[in-house]
Amino acid sequence: MKSDWIKRINSAIKYSFYALFFLVPLIMWPDTYELFEFNKMWFVFVISVFIAFLWGTKMVVQKRFELRRTPLDIPILLFLASQIISTIISIDPHVSFWGYYSRFNGGLLSTISYIFLYYAFATNLISTNSERKPISYSLLSISLLSGLAVTLWGLPSHFGADPTCLIFRGTLDVSCWTDQFQPTVRIFSTLGQPNWLGTYLAALIPIALGFGLYKPRENKSKLLVTSYTLLVFLFFLGLLYTRSQSSFLGLIVGLLIFFAILIFKNFKSLKENFAKNNLSKYIVASLVILGLASFIVGTPIESLNKFTTLQGLKNLTNKLPAPSTSLRAGKSEGLESSTTIQLGGTESSKIRLIVWQGAIEIFKRHPLFGSGVETYAYAYYNVKPLAHNLTSEWDYLYNKAHNEYLNYLATTGAFGLLMYLSIIGVFFFYVFKQFSKHQSQYFPISLGVVGGYGAILVSNFFGFSVVVVNLFIFAFQILFFDLEDNKTLKHVFTIPKTSEKNLTAKVIPSQTIIIVVIGLIALYYEFFLFNFWNADRKYALGNSLDKASEYVQAYTPLSDAVKMLPQEDLYKDELSINMATLSLLLAEQKNATQAAEFGQQAKALSDAVTSAHPNNIVFLKTRARVAFALSEIDPANMDLAIATIEQARKLAPTDAKLLYNEGLFYNQKGDSEKAIQYVNDAIKLKPNYIDAYYTLALYYSQLAKKGDAKSFEYKQKSREALEYILKNIDPNHKAAKELLKSL
């Protein structure tokens, strides 16, 4: 019977969403290029394909196409259009479609997945029968359960016992993490970065508060209320241990939204009998718990801690300055590598302002549709302010604007940002429209959803969305409509408008064939995703071996990655520098034939990659490295290295390292005059460039040894460069001291 098919399909879709919301925050894998975001995004893709197969099968069985209408249809459609247009005209369409490699979240494909899941949930799982408990209630309960698992996983790492190390290395400590990860300073659990974990928990705290207030028809036990209160405490404790300022500010706004609307809607009852009102007791108890945790642990905002924390009061009593807890996230927060927590260096607020300035400049150059979805990493090079060269992160690759809204403005232009904001604006319009009418049975939970949504929006002003956060952004909207006012979801677009009576008929052979075809297509894409995931693991291994100078061992996994996924040019880029290095090693071993073969293949790979991605400065830098390495065998390649650097400088006019490297190339070529010229130009872009000053001193000292008429002048210039290092940059620079003595 068709009705049985539909029930089974709906059940499968329901449990797919349960798996999605429970597992995405928890998923990670040790041997992929990026441990956390990549695997979470891939799981979203896998589940999306599976749900697409189920939904397609359902439509075939029903002999009709169905799509539930929602209040956000028009803004979502326009937003999707903005992303498609921006991808088509992007400076790198491949990156725009897939997203920046390692996380992939934010690319066109991920956006399509989130929007698809939004409508798959709305069409297949939402029931307009008011007698039934909405599916959103169960889904949010599962999200809280997942949040509990994430929190309990992360909290021990603050005390030096990380479960991740136990699983991956067999030791219950934090020794499995490099210096880039410091969970005892800032926990990140299974999310991969403290700010990402903080935003995730900030979104869940108002929802947990809402569940604590929800009153079903049966009497709610005090134990259940206490359990939700304890959950709020654990979530908040986890957030405090992330030391994430942006998440903390987001939570404050989310709680303000939650409590302000809650008090306003219940003001009359609170005013009449505040002392005996259960709602007032719950509000006071919640605030006391949050305040107590802040008092004991301290907040991420240093200025608040002096008079409001236990440690702050102790320091005042002892008349000692409070120890600094100011920390800033490093590379993983929109930078090239995974999680880095840097202590010291330039303040993150100063760097953010510089990066925001760059985002605005990108918008000015691409005002309507931006530089292309997820192309910030490459567009920023072209507009990078000179002030960035004076920060401690001057040579990091920023692939995000560290502001969700400026990132949309830069990469998708005014159209993309306005359409994104229109979704938010229309959603809040319906929120306040609904709350101004009446309180539904699920009002506390839906209010928690709105509070969590607000927390994300504020936190993203200082950061950007990751997989689970983007999943929440789209899901919270449809969950609110389902909980609070499912009348807005009663309209279903159907083609053709067939009667439900048709469901009593059996599935005919032609329908079975179509279902099989849909299944084979879905299976193909699932296999493609699995192959991509395995190729990434090969690439990760090869990349790690290259970094460890194990070039021979790296060649096989890198070659395998290219064979498994030939359309991913990042693999070819890494293989090209690997083969160029192997060419040198073979030449040293007097294996001229094979050395030449490897050298030619390295150049061919690099040429193909840069030709396909002419605006990708990272690939151009690799091409310059390849040519420079091969110049050891054939000096003619030095001209190619210099020409490539010149090409890269057009894309990154303020990159001091490019000028510095060009100086090194000219020195290798034997042109000391040009070498000194380019190193001096690098210093003009970065006045505190210690390597450039030392190299300049070295070049001048070498010229002085020639014994010509300018020897004294060269020696004096060498002294000046070295003295500048010791007086203005690093007084303990050993190499500079030794060279100065030799002069």
Side-chain angles (χ1 to χ4, degrees), residues 14 17 20-21 68-76 79 114-115 117-130 132-144 147 199-200 202-215 250-251 253-262 264-265 420-460 465 468-491:
K14 178 179 69 174
F17 272 98
L20 189 69
F21 277 77
R68 189 176 299 279
R69 300 294 306 276
T70 77
L72 301 178
D73 290 348
I74 294 176
I76 285 177
F79 173 68
Y114 297 130
I115 293 174
L117 291 170
Y118 173 92
Y119 282 104
F121 181 86
T123 305
N124 296 287
L125 298 183
I126 288 179
S127 172
T128 55
N129 185 352
S130 58
R132 294 181 180 179
K133 182 176 287 188
I135 187 70
S136 300
Y137 178 92
S138 301
L139 198 61
L140 288 169
S141 299
I142 286 173
S143 293
L144 292 178
T199 302
Y200 170 69
L204 290 178
I205 288 171
I207 297 173
L209 285 169
F211 268 86
L213 280 174
Y214 169 63
K215 296 179 181 179
L251 176 63
V253 173
L255 292 178
L256 284 175
I257 293 172
F258 181 85
F259 286 119
I261 297 176
L262 184 66
F264 178 77
K265 295 291 290 183
Y420 182 72
L421 293 177
S422 71
I423 297 175
I424 298 170
V426 172
F427 175 65
F428 274 114
F429 170 78
Y430 274 89
V431 166
F432 290 112
K433 180 181 177 182
Q434 176 60 27
F435 284 163
S436 64
K437 292 179 181 179
H438 62 280
Q439 291 185 199
S440 71
Q441 179 186 356
Y442 300 98
F443 168 73
I445 299 176
S446 58
L447 180 56
V449 170
V450 174
Y453 187 79
I456 291 174
L457 297 182
V458 173
S459 182
N460 278 352
S465 293
V468 68
V469 172
N470 254 344
L471 195 62
F472 278 0
I473 285 176
F474 282 93
F476 280 5
Q477 298 166 131
I478 193 64
L479 297 181
F480 172 84
F481 293 134
D482 184 34
L483 287 168
E484 192 64 21
D485 185 17
N486 60 19
K487 291 181 180 178
T488 61
L489 305 174
K490 65 182 180 180
H491 299 293

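Every value quoted in this text rests on a predicted model; they were computed, and no experiment measured them.
L213 is listed as a side-chain neighbour of L262, based on a closest heavy-atom distance under 4.5 Å.
Contacts of L421 classified as side chain to side chain contact (heavy atoms under 4.5 Å, CB included), with partners at least two apart in sequence or in another chain: Y405, L417, I424. Annotation: ring-ring contact (aromatic ring centres under 6.0 Å, His included) contacts of Y420 (sequence neighbours excluded): F79, Y408. Partners of T123 by side-chain hydrogen bond (donor to acceptor under 3.5 Å, both in side chains), not counting sequence neighbours: none found. Annotation: ring-ring contact (aromatic ring centres under 6.0 Å, His included) contacts of F17 (sequence neighbours excluded): F121. For S143, the side chain to side chain contact (heavy atoms under 4.5 Å, CB included) test picks out F21, L204, F472, with sequence neighbours left out. Under the rule for a side-chain hydrogen bond (donor to acceptor under 3.5 Å, both in side chains), Y430 has no partner lying at least two apart in sequence or in another chain. Remark: Y119 engages D73 in a side-chain hydrogen bond (donor to acceptor under 3.5 Å, both in side chains) (not counting sequence neighbours). The side chain to side chain contact (heavy atoms under 4.5 Å, CB included) test applied to F429 returns K433, not counting sequence neighbours. Taking F480 as the reference, F427, F435 meet the ring-ring contact (aromatic ring centres under 6.0 Å, His included) condition, with sequence neighbours excluded. Looking at residues two or more places apart in sequence or on another chain, you find a side chain to side chain contact (heavy atoms under 4.5 Å, CB included) between S141 and Y137, F211.
Minimum interatomic distance between A122 and I478 (heavy atoms only, all atoms of both residues): CB-CD1, 3.7 Å.
The backbone N or O of H491 sits nowhere less than 3.5 Å from a side-chain atom of R69 that would complete a donor-acceptor pair.
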Pair V469-I473, side-chain contact (heavy atoms from CB on, under 4.5 Å): steps then yes or no: CA-CA 6 Å; V469 172; I473 285 176; 4.2 Å; yes
Residues L125, L139; criterion side-chain contact (heavy atoms from CB on, under 4.5 Å); working and verdict: CA-CA 11 Å; L125 298 183; L139 198 61; over 6 Å; no
Verdict with supporting geometry, L489 and T70, side-chain contact (heavy atoms from CB on, under 4.5 Å): CA-CA 6 Å; L489 305 174; T70 77; 3.9 Å; yes
V426/I74 under side-chain contact (heavy atoms from CB on, under 4.5 Å): CA gap, chis, key distance, verdict: CA-CA 10 Å; V426 172; I74 294 176; over 6 Å; no
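The CD1 atom of I423 sits 13.0 Å away from the CZ atom of F428 when rounded to the nearest 0.5 Å. In this structure, CG on N124 lies 9.0 Å from CZ on R68, to the nearest 0.5 angstrom. Once rounded to the nearest 0.5 Å, the distance linking CG of L483 with CD1 of I126 reads 9.0 Å. To the nearest 0.5 Å, atoms CD1 (I207) and CG (L479) are separated by 8.0 Å. One finds the CG atom of D482 at 8.5 Å from the CD1 atom of I135 (value rounded to the nearest 0.5 Å). Separation of atoms CG (L117) and CG (N470) is listed at 11.5 Å; rounding is to 0.5 Å.
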Residues 445-459, side-chain donor-acceptor partners within the protein, below 3.5 Å, at least two apart:
{"residue": "S446", "atom": "OG", "partner": "Y442", "partner atom": "O", "Å": "3.3"}
{"residue": "S446", "atom": "OG", "partner": "F443", "partner atom": "O", "Å": "3.0"}
{"residue": "S446", "atom": "OG", "partner": "E484", "partner atom": "OE1", "Å": "2.6"}
{"residue": "Y453", "atom": "OH", "partner": "Q477", "partner atom": "OE1", "Å": "3.0"}
{"residue": "S459", "atom": "OG", "partner": "T199", "partner atom": "OG1", "Å": "2.6"}

